[in-house]
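For reference, the structure discussed in these notes is given below.
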There are 2 protein chains.
Amino acid sequence: MTDLNKLLNPLFLKDIEIKKIIELLFFSYRDFTAGPDAILEKINFGRAHHRVIYFVGKQKNLTIKELLLILQITKQSLSRVLNQLVKEKYIVVSVGEDKRTKKLTLTQKGQDLEDQLTMIQTKRIKKIINKFSEKDINGFKKILYAMIEQKNKIKFDEINNK
Amino acid sequence: MTDLNKLLNPLFLKDIEIKKIIELLFFSYRDFTAGPDAILEKINFGRAHHRVIYFVGKQKNLTIKELLLILQITKQSLSRVLNQLVKEKYIVVSVGEDKRTKKLTLTQKGQDLEDQLTMIQTKRIKKIINKFSEKDINGFKKILYAMIEQKNKIKFDEINNK
DNA sequence: TATTTAGGTCAGTCATATTGACTTAATTAT
DNA sequence: ATAATTAAGTCAATATGACTGACCTAAATA
């Protein structure tokens, strides 16, 4: 296919538009995650710690299994991160009603860090989103949701009590 | 602040909505990047290789420096990935007009892989996006673009000839 | 009682990224 | 013409986040 034909072909133009979306996702997600990194670095934590703190903060009495299902990592991967968070008193572990399970809860220290980290992203998103109409925001959210795999949509709905 | 007060406070409700957006970004981006991984794994490449192939494919005669500016990684990090891609003949390197610089180009093998990887994401996004109205898609793209840091917006515009 | 489930652990490996120090060759500025 | 800057590369050490595989314990369930 020649360059001219490419430009005249409506399907090709669509591909260019899709490629732009791929890049938009790449650049925007990178900048979205960049925020909390500075704070995390100071206390020798990484993004994995942030994610654990985030979901433990979100769901009271989250079990290890539930957390693994959300994060979709192995328990060996979670182990190191979680142990650090427990050792440094950001998270406390208690035994569940089913005594095989463990319940994870943020300490005040953990909650403070969670607030601090999430606030950076919240502030940033708020600032951006307030510039747009309800319709734009709706399109944004609807399409993001549609981009989630079915099984993970269920997970998302679950943790948002839908 | 009590739970009841939280629910009655319009600012708090907004924070819940923002948190949902944070999660939407997390889940959707994860599923968005998951696609090409299976193919990459078979040939012992990772996401970093995909990114290099993507941007080298996008911009003819890209230099090392330009690539580093887009990817925002160190040259030591790029080095390993790029050397593998050159050694396995996905990318060819030639000397630029400024003889200090090097120009990167995809070989046919590289182009084939790029097509294959990008097609997975393109197909997926197309399938999703076709279900939505122009207005929704517009909101989606506008807000994603707004989420990019100013300096990276310039980068995005540059590689999209704006 | 046997099986499954939740959680943990030890060991080894890989991919991606970092910082720091240093080199070479080419271009540009003084 | 010399000095400074730039583009690219390299060596070494380190961190982080992830993986597989094998194995264990204790509790709940079939």
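Per chain, numbering begins at 1; letters A, B, ... match sequence-line order.
A:R30 places its CZ atom 13 Å from the C1' atom of C:dA17, with the value rounded to the nearest Å. B:L104 places its CG atom 14 Å from the P atom of D:dA7, with the value rounded to the nearest Å. If you measure from atom CD1 of A:I43 to atom P of D:dT16, you get 12 Å, rounded to the nearest angstrom. Taking atom CD of residue A:Q84 and atom P of nucleotide D:dT16, one finds them 7 Å apart after rounding to whole Å. Rounding to whole angstrom units, CZ of residue A:R80 and C1' of C:dT13 are separated by 15 Å. Rounded to a whole Å, the CG atom of B:L40 is 18 Å from the P atom of D:dA18. If you take CZ of B:F45 and C1' of D:dC19, they are 19 Å apart, rounded to a whole angstrom. Taking atom CG of B:L82 as the reference point, atom C1' of C:dT16 lies 15 Å away to the nearest angstrom.
For D:dT16, the OP1/OP2 oxygens have no side-chain nitrogen or oxygen of A:H49 closer than 4.0 Å. Not one side-chain nitrogen or oxygen of B:R47 sits closer than 4.0 Å to the OP1 or OP2 atom of C:dA15. Here B:T74 reaches the OP1 or OP2 of C:dT18: one of its side-chain N or O atoms lies under 4.0 Å away. For the OP1/OP2 pair of D:dC24 and a distance below 4.0 Å, the side-chain nitrogens and oxygens of A:R100 include no atom meeting the criterion. Phosphate contact (OP1/OP2 of D:dG9, side-chain N/O of B:K102, threshold under 4.0 Å): present.
Residues A:G46 and A:K99 both approach DNA chain D. Their nearest nucleotides, taken by heavy-atom distance, put A:G46 toward the 5′ side. Nearer to the 5' terminus of DNA chain D, by closest-nucleotide assignment, is the contact made by B:T63 (compared with the other of A:I73 and B:T63).
The residue B:K75 sits close to a base: some heavy atom pair falls under 4.0 Å. Among the protein residues, B:Q72 comes within range of the sugar-phosphate backbone only, with heavy atoms under 4.0 Å from sugar or phosphate atoms but none that close to a base. As judged by a 4.0 angstrom heavy-atom cut-off over every strand, B:T101 is placed among residues touching the sugar-phosphate backbone only.
When distances are taken from the side chain of B:D98 to each of C:dT27, D:dA18, D:dA28, the shortest belongs to C:dT27. In the set C:dG7, D:dA28, D:dA8, C:dG7 carries the atom at the smallest distance from any side-chain atom of A:I64. For A:K65, the listed nucleotide lying nearest its side chain is C:dA6; candidates were D:dT10, C:dA6, C:dA26.
Between the side chain of A:Q76 and the base of D:dG21, a donor-acceptor pair under 3.5 Å is found.
Inspection of the A:N152 and B:D31 side chains reveals an N or O donor paired with an N or O acceptor under 3.5 Å. Between the side chains of B:Y90 and B:D112, not a single donor N or O lies within less than 3.5 Å of an accepting N or O. Counted by atom type alone, B:N138 and B:E134 present zero donor-acceptor pairs between their side chains at under 3.5 Å. Looking only at atom types and distance, the side chain of A:K155 has no donor-acceptor partner in the side chain of A:N160 under 3.5 Å away.
Minimum heavy-atom separation, A:V52 to A:I91: CG1-CD1, 3.8 Å.
Here the two rings, on B:F32 and A:F26, have centers that are 6.0 Å apart or farther.
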